Amino acid sequence: MTTRKLFGTDGVRGPANSHPMTPEIVMKVGMAAGRLFTRGEHRHRVVIGKDTRLSGYMIESALVSGFTAVGMDVFQFGPLPTPAVAMLTRSLRADLGVMISASHNPFHDNGIKLFGPDGNKLSDEMEQKIEALMANGLEKGLAPPHRLGRAKRVDDSQARYIEFVKGTFPKQLRLDGMRVVIDCANGAAYKVAPEVLWELGAEVFKIGVSPDGFNINQDCGSTAPEAMRTKVREMRADFGIALDGDADRVVMADEKGRIIDGDQILALIARSWSKSGDLKGGGVVGTVMSNMGLDRFLAGMKLKLARAPVGDRYVIEQMRKGGFNVGGEQSGHIILSDFSTTGDGLIAALQVLAVLAADGKPASEAARLYEPMPQVLENVQFRNGSPLEDAKVKSQIEASTARLNGKGRLIVRKSGTERVIRIMAEGEDEGELRDVVRGLAEIVREAGI
């Protein structure tokens, strides 16, 4: 099977106005995807949401041109979280859903995530079909003048999503009296997230809610949670929530400002849902990066941790295969398939808040369920070639693995969204882990110059 050239692990992504995120290519993505999902005689519809990047206007216009050219009607939501687009694709019986976002990347990048009519991200095979259509002439599939699509803005999309998210919170509980900091990363959830928390009764302190097209994820949000942690301590809040630019991932903090990552969130939800009988599959799905401490914690409750490759689509695949309804990544992509077909930072945060509201315990007690094993992470940027194919790098990986033998593990992988090699070592001895990672990072750096 041919490899995908445009699509990475999470849609199409790159610097705005450079290959592949140019108006011409984006329009062709719209035309090809539109043709593939035009089935039957009904008026076909596609829904489009976006985050707050300046380039969103350009990309949205190009997509609208592509979709209307093949006869699809377009519903434009404006700024809205990725999971909201997935949910509204199903709710509005759309044939296709599109989110314009580069997630946690800086403003100068942008991307396109595509959802099928069931609200799930497209399969690798479907993405390959889109690329094949783009390469082999799209003129044949153009709609005649009387069949062109229309485009319109949908004004109530945010209200629909707010009501949907509130419906996932246990009916008998409220957040009255709880002080919550929410950092929206100057991104897609800047209107909806604070509103949900306030309507459920919380006293809300907002940061990262003043997008200007350039400041998305800049020193804020889940990839820079220091701003949220500082605000929690300053306001003496009970809890902090930091979303990323498209709100499909979340990192939280307890009342002392200590981080609660995706692994701790999985542990908390697993324990809570296991007690209530809502947990399916006999455990949860994590990734190869999930902490061994989570593994041990779950084993203590006779629950299993199934590991998937990094990337929420692979977590979801594993969840489907094993009948699990809770899965996620350490980075804060939490998928609760009872509610959502993709990671939803706000819904995950509400499940944690529900446990706090029910237990009446501070977050530092309720949300830190195990001591994580030391992990040392380093991201090495590279310019050229494939460092992981380099003989010296391969040899160093073998030597490092042998050194950790039985006392820990080593994960080395190429990022699916950036020119970065990610190195992670985990084990009992943090000093040794640092040595291993530092030595390997140097060799990778040399190979990628």
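Below, all heavy atoms of this structure are taken into account, side chains as well, without hydrogens, waters or symmetry copies. Since the structure is predicted, the reported quantities are computational estimates derived from the model, not experimental observations.
Counting non-hydrogen atoms of other residues, nucleotides and ligands closer than 6.0 Å to NZ of Lys166 gives a total above 12. Around the CD atom of Gln381, the shell of radius 6.0 Å holds no more than 12 heavy atoms that belong to other residues, nucleotides or ligands. Dense packing is recorded around CZ of Arg153, with more than 12 heavy atoms of other residues, nucleotides or ligands lying under 6.0 Å away.
Contact between Ser101 and Asp51 at its shortest, heavy atoms only, is OG-OD2, 2.7 Å. Between Asp73 and Arg150 the shortest heavy-atom distance is OD1-N, 2.9 Å. The heavy-atom pair separating Leu266 from Gly286 by the smallest distance is CD1-CA, 4.5 Å. Arg307 and Ser290 get closest at one heavy-atom pair: NH1-O, 2.8 Å. Closest non-hydrogen pair, Glu195 versus Ile162, comes out as CG-CD1, 3.7 Å. In plain terms, the two heavy atoms of Ala185 and Gly245 that are nearest each other are CB-N, 4.0 Å.
With Asn325 contributing its side chain and Ser337 its backbone, the two residues share no donor-acceptor pair below 3.5 Å. Judged by distance alone, the side chain of Asp248 and the main-chain N or O of Asp344 form no donor-acceptor pair under 3.5 Å. Under a 3.5 Å cut-off, the side chain of Gln375 and the backbone N or O of Met424 do not form any donor-acceptor pair. With hydrogens and angles ignored, the 3.5 Å screen pairs a side-chain donor or acceptor of Glu131 with a backbone N or O of Lys5. Counting only distance, with no hydrogens or angles, the side chain of Asn217 and the backbone of Pro106 share no donor-acceptor pair below 3.5 Å. Although no hydrogens or angles enter the test, the distance criterion places no donor-acceptor pair under 3.5 Å between the side chain of Ser272 and the main chain of Leu268. Distance alone, capped at 3.5 Å, is enough to place a donor-acceptor pair between the Arg53 side chain and the Asp109 backbone. Proximity of a side-chain donor or acceptor of Asn291 to a complementary backbone N or O of Gly293 within less than 3.5 Å is detected. Judged by distance alone, the side chain of Ser276 and the main-chain N or O of Trp273 form a donor-acceptor pair under 3.5 Å. Side-chain N or O atoms of Gln330 include none that pairs as donor or acceptor with a backbone N or O of Thr287 at under 3.5 Å.
Looking at Lys304 and Leu298, their side chains never come closer than 4.5 Å, going by heavy atoms from C-beta outward. Between Ile265 and Val250, the closest side-chain pair of non-hydrogen atoms falls below 4.5 Å. Counting heavy atoms from C-beta outward, Phe7 and Ile130 have side chains that approach closer than 4.5 Å. Inter-residue side-chain proximity for Asn186 and Gln218 is flagged as unmet; no heavy-atom pair is nearer than 4.5 Å. Under the 4.5 Å side-chain criterion, counting only non-hydrogen atoms from C-beta, Arg296 is in contact with Met373. Put simply, the side chain of Leu200 reaches to within 4.5 Å of the side chain of Leu350, judged on heavy atoms. For the pair Glu329/Met289, no side-chain contact is recorded, criterion being any heavy-atom separation below 4.5 Å from C-beta on. Side-chain atoms of Gln351 and Thr168, non-hydrogen and from C-beta on, do get closer than 4.5 Å to each other.
Side-chain contact, Asp246 with Ser103: a donor N or O sits under 3.5 Å from an acceptor N or O. Using a 3.5 Å distance cut-off with no hydrogens or angles, the side chains of Glu255 and Ser364 do pair a donor with an acceptor.
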What's the verdict on side chain to side chain contact (heavy atoms under 4.5 Å, CB included) for Asp118 and Thr341, showing C-alpha distance, side-chain angles and the deciding distance?
CA-CA 8 Å; Asp118 57 0; Thr341 54; over 6 Å; no
Begin from the C-alpha positions of Val352 and Ile260 and carry the test side chain to side chain contact (heavy atoms under 4.5 Å, CB included) through to its verdict.
CA-CA 10 Å; Val352 175; Ile260 303 162; 5.6 Å; no
Asp95/Thr38 under side chain to side chain contact (heavy atoms under 4.5 Å, CB included): CA gap, chis, key distance, verdict
CA-CA 8 Å; Asp95 300 279; Thr38 301; over 6 Å; no
Worked check of side chain to side chain contact (heavy atoms under 4.5 Å, CB included) between Val12 and Ile25:
CA-CA 10 Å; Val12 184; Ile25 293 174; 5.9 Å; no
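Of the charged side-chain nitrogens involved, at least one lies within less than 4.0 Å of a carboxylate oxygen, so that Glu432 and Arg403 count as a salt-bridged pair. The residues Asp254 and Lys256 are annotated as not salt-bridged, no charged nitrogen and carboxylate oxygen being separated by less than 4.0 angstrom. A salt bridge does not link Lys407 to Glu428: none of the charged nitrogens lies less than 4.0 Å from a carboxylate oxygen. Salt-bridge check for Arg229 with Glu226: passed, with a basic side-chain N closer than 4.0 Å to an acidic carboxylate O. A salt bridge between Lys129 and Glu125 is absent, with no side-chain N of the basic residue lying under 4.0 Å from a carboxylate O of the acidic one. Taking the charged nitrogens against the carboxylate oxygens, Arg313 and Asp10 have no contact shorter than 4.0 Å, which rules out a salt bridge.
Distance check, rounded to the nearest 0.5 Å: CD of Glu418 to CZ of Phe382 gives 10.5 Å. Interatomic distance, Asn110 CG to Met21 CE, rounded to the nearest 0.5 Å: 5.0 Å. Separating the OG atom in Ser222 from the CE atom in Met252 is a distance of 10.5 Å, to the nearest 0.5 Å. Taking CG of Leu294 as the start and CD of Gln264 as the end, the distance is 8.0 Å to the nearest 0.5 Å. The distance from atom CG of Asp312 to atom CD1 of Ile334, rounded to the nearest 0.5 Å, is 11.0 Å. The distance from the CD1 atom of Ile241 to the CG atom of Leu353 is 5.0 Å, given to the nearest 0.5 Å.
A cation-pi contact, defined as under 6.0 Å to the ring centre and within 45° of the axis, is absent between Lys206 and Tyr190. Relative to the ring axis of Phe37, Arg39 places its NZ or CZ within 45° and under 6.0 Å from the centre.
For the side chain to side chain contact (heavy atoms under 4.5 Å, CB included) with Val285, the qualifying choice from Met319, Lys321, Arg320 is Met319, the only one to do so.
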